[in-house]
Amino acid sequence: MNLLPIWSDRVAKSKAVETCTSFNLGLRKSRNYYAADCNFVETPEQAQGMLELAQQRPLSHIGFDTEFRYGRPGIRIDKSKIRFDPLSIEPLLMSLALVEPGRDDRDFRLYSFVVDLRNPDLWFAIKGILSLPVPCCAHFAKNELFCLWKLGLPEPRMLWDTFIFEKLLSLGRHHHKYNLSRESDDSELVKVKEQAEEKREFGLSLVATCQRYGVAHGMEGEKKRLQDSFLAHHDDMPFSAEQIRYAAEDAKVASILYPLQIQKAVEHSLLRHCETVEMDWVVTNARIEWEGVRIDLKKRDDAIHRISTNLKVLKHHLVHQHGIANSQSHKQLRDFFSRHGLLEQFRNADKFSFSRENLKEKQSLHPAIPLIRAVRRSSDLLSEKFLSPDFIGIDGRIRPEHKQLGADTGRQTSCWPNLLGLDRILRPLVVPAEGCGIGEVDWSQVEAGIAGAVYEDEALIQMFNSGDVYSSMAQLFFKDELSAEDLTIEGKEFKTKHKSLRNQMKTCTLGMLYGMTPSGLARQLGTTKAKATRLQKRFMKMFPQLQNALLEASQFGAIRGYANTISGLKRYRGRSGKSIHWEKNWLINHPVQGSAAVVFKATGNRLRKLYTQYDARIIIPLHDAFIFETRVECLKEVAELTAQVMCHTLQEYFPVLRPLVEVNITRSDCWNKDGNADELERWITSLNELMEVRLSSDAEAE
DNA sequence: GAAGAGAGCGCC
DNA sequence: AAAGGGCGCTCTCTTC
């Protein structure tokens, strides 16, 4: 499919093309010849010339960018957002800016090329250049990676994403909670918030980044128009000189930003984190998005049908027996419970709360309550974006957007649909490709271990290393109440025998890492504040080193202005001065959650590379678990490899830990939790039972 | 009619 | 005075 057309006069006339008319293959390339202007590459000879120049010059790094369009209309998310299926990307141009350093910072040479990606005969040169052992820099490189993969080309050997770096620098600075505590009148508050929002949106863009670093972007005013011109570009249409210049410009500025960002990275001690974890994860993350997950459409439609049939019956019953037309309406529930004199049961300070938790607790007060709960759950499930046909690609796979550094702790987030937050009941709708199976490996209690390691608490480390951290904890904490035998049994056995004691420890631990107060703990454990206070005090006594380290983390972090992780990844405060309660909490939590995210990414990067030997891929990165897909016959081996890499990588970062992982390949025909592949069926059955009881008791009453 | 706040659900 | 870290997303109700 050689698309080389007769280019329009405009392109032919452009100086760029004129300077590229003749080549002496194999001869030494003239620096000045290429450095003169942007070179448009449209023949294999020109591509060869470009590649040879790149191989001959002592390059320091390369800026690159792609222009593309989508072959499929996108899904409108809201007024300003459209989601395109990555698979439908159609690469048009790739621009390259080869940088050759000179005597000092200001003296460098920049060779600028723009390659027509519609011509497959030119791809070899792209492949050759991007595999050079020099960093290739792009702003939001995910799109460039998609273009490369669409053409069947490998990713660059070394990648630097100028967008991701800017995001690292801004981590935590614009958290929405900072907007809320401003003292000003309402209209002003709204304005301030809007401005902050705009700033954040614009702030990480290439143009804004250039402005911050004092880099001139030649075409900043025309960016939007030209970007759109590619989205609407027709197949056989030649590119305008302006389009080509624009493509070249983005690669150029990315290459100029790189050394400036490196300088900044050194100042923020982020360089190591970038080079060992974050920039490699750009590729891993993009690959996960590119792979997507396969959906069993029949299973999905069946699920929708069954849930909605149930919902109809439940709703009907709720309206006719109890007069609740809409159980999602706070007002209607208030009226209903008021009518039955039960409203006070749901009081929470000066408001009323009909939360799931609250309703569950008060379940026996009225026969309508279980129905309300069931209706809520059913409609929540049915309104999952995940069930919408909009997001299914042409190959039957869903590709949610995976946002790198979506959370201020450095964690990933996902959206459209939010796969990471998918209700576990719906997980089995995710199925493997033909001939493949799905496996999952997760770290056991990893955050407790990391907390022990980053805060250097020997007691916590030792409990983590014993196998089941919460069982060991309970054995020490309740040592006076337990029998001699119970003090020595294995964690696993203890877990089943003394579930409630162990759960108390779990709540205390998580509460400690999240900065829970005695009243919060009391609510969690269903006890009084006084008891919770005593419990918490006694609990903390088990970990004196930790207690001290937590205090230091929040106090020093507040002064320093950021919380740190094992690799130097930072979360910054949005302001200075005395820290508020919430800030104290995350200053303590970030080193744990953030370090866990770092280890997770480092592990994922290794897995991605090792998986290529097995025709395996990560399909879901779940904070402390990897869900992968591979050929059925490799499943066991890949699971073992995954388990090993997970343990080893964690130990590399925290040599004091002896981590354990849980492997789940028992039901490889779908994604599931602990091998439970039929949660949906069981839930529906339990609903039906509930309905039968309800209906028969009503019949009796009549 | 659009947009935002608040409540509430789900996930780790 | 309130007091659980990090998210995405939907629904209701109010406001402009």
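Here is the naming used below: chain letters follow the sequence lines, and residue numbers restart at 1 for every chain. These numbers come from a predicted model, not from an experiment.
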Under 4.0 Å between a side-chain N/O of [X] and OP1 or OP2 of [N], yes or no?
X: K385(A); N: dT10(C); result: yes
X: W416(A); N: dC9(C); result: yes
X: T413(A); N: dG8(C); result: yes
X: N585(A); N: dG4(C); result: no
X: S329(A); N: dC11(C); result: no

Subject >> Residue pair Q547(A) / D457(A), side-chain donor-acceptor N/O under 3.5 Å >> reply: no
Looking for any heavy atom pair under 4.0 Å, which part of the strands does [X] touch: base, sugar-phosphate only, or nothing?
X: Q524(A); result: base
X: S414(A); result: sugar-phosphate
X: G511(A); result: nothing

**OP:** Please examine the side chains of T642(A) and F628(A), heavy atoms only from C-beta on, and report whether any two atoms are closer than 4.5 Å.
**Re:** yes
Euclidean distance, atom [atom1] of residue [X] to atom [atom2] of [N] [Å, nearest integer]:
X: K584(A); N: dA2(C); atom1: NZ; atom2: C1'; answer: 12 Å
X: H176(A); N: dG5(C); atom1: NE2; atom2: P; answer: 10 Å
X: L171(A); N: dG6(C); atom1: CG; atom2: P; answer: 12 Å
X: N589(A); N: dC7(C); atom1: CG; atom2: P; answer: 10 Å
X: L521(A); N: dA3(C); atom1: CG; atom2: P; answer: 15 Å
X: F600(A); N: dG6(C); atom1: CZ; atom2: C1'; answer: 14 Å

**OP:** Determine whether more than 12 heavy atoms belonging to other residues, nucleotides or ligands lie under 6.0 Å from atom NZ of K362(A).
**Re:**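 Yes.
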Subject >> Nucleotide-resolved protein contact map, nucleotides 7-12 of chain B, B/S/- at heavy-atom distance under 4.0 Å >> reply: SSSSSB
Original post:
Which of parallel (below 30°), tilted (30 to 60°) and perpendicular (above 60°) describes F337(A) and F346(A)?
Top reply: tilted
Original post:
Taking the inter-plane angle between the rings of H340(A) and F336(A) on a 0 to 90° scale, is it parallel (under 30°), tilted (30 to 60°) or perpendicular (over 60°)?
Top reply: tilted
Original post:
In Å and rounded to the nearest 0.5 Å, what is the CD to OG1 distance from E447(A) to T509(A)?
Top reply: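 If we round to the nearest 0.5 Å, E447(A):CD and T509(A):OG1 are 11.5 Å apart.
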Original post:
Has the side chain of Q651(A) got a donor or acceptor atom that lies under 3.5 Å from a matching backbone atom of L657(A)?
Top reply: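 At least one qualifying donor-acceptor pair exists.
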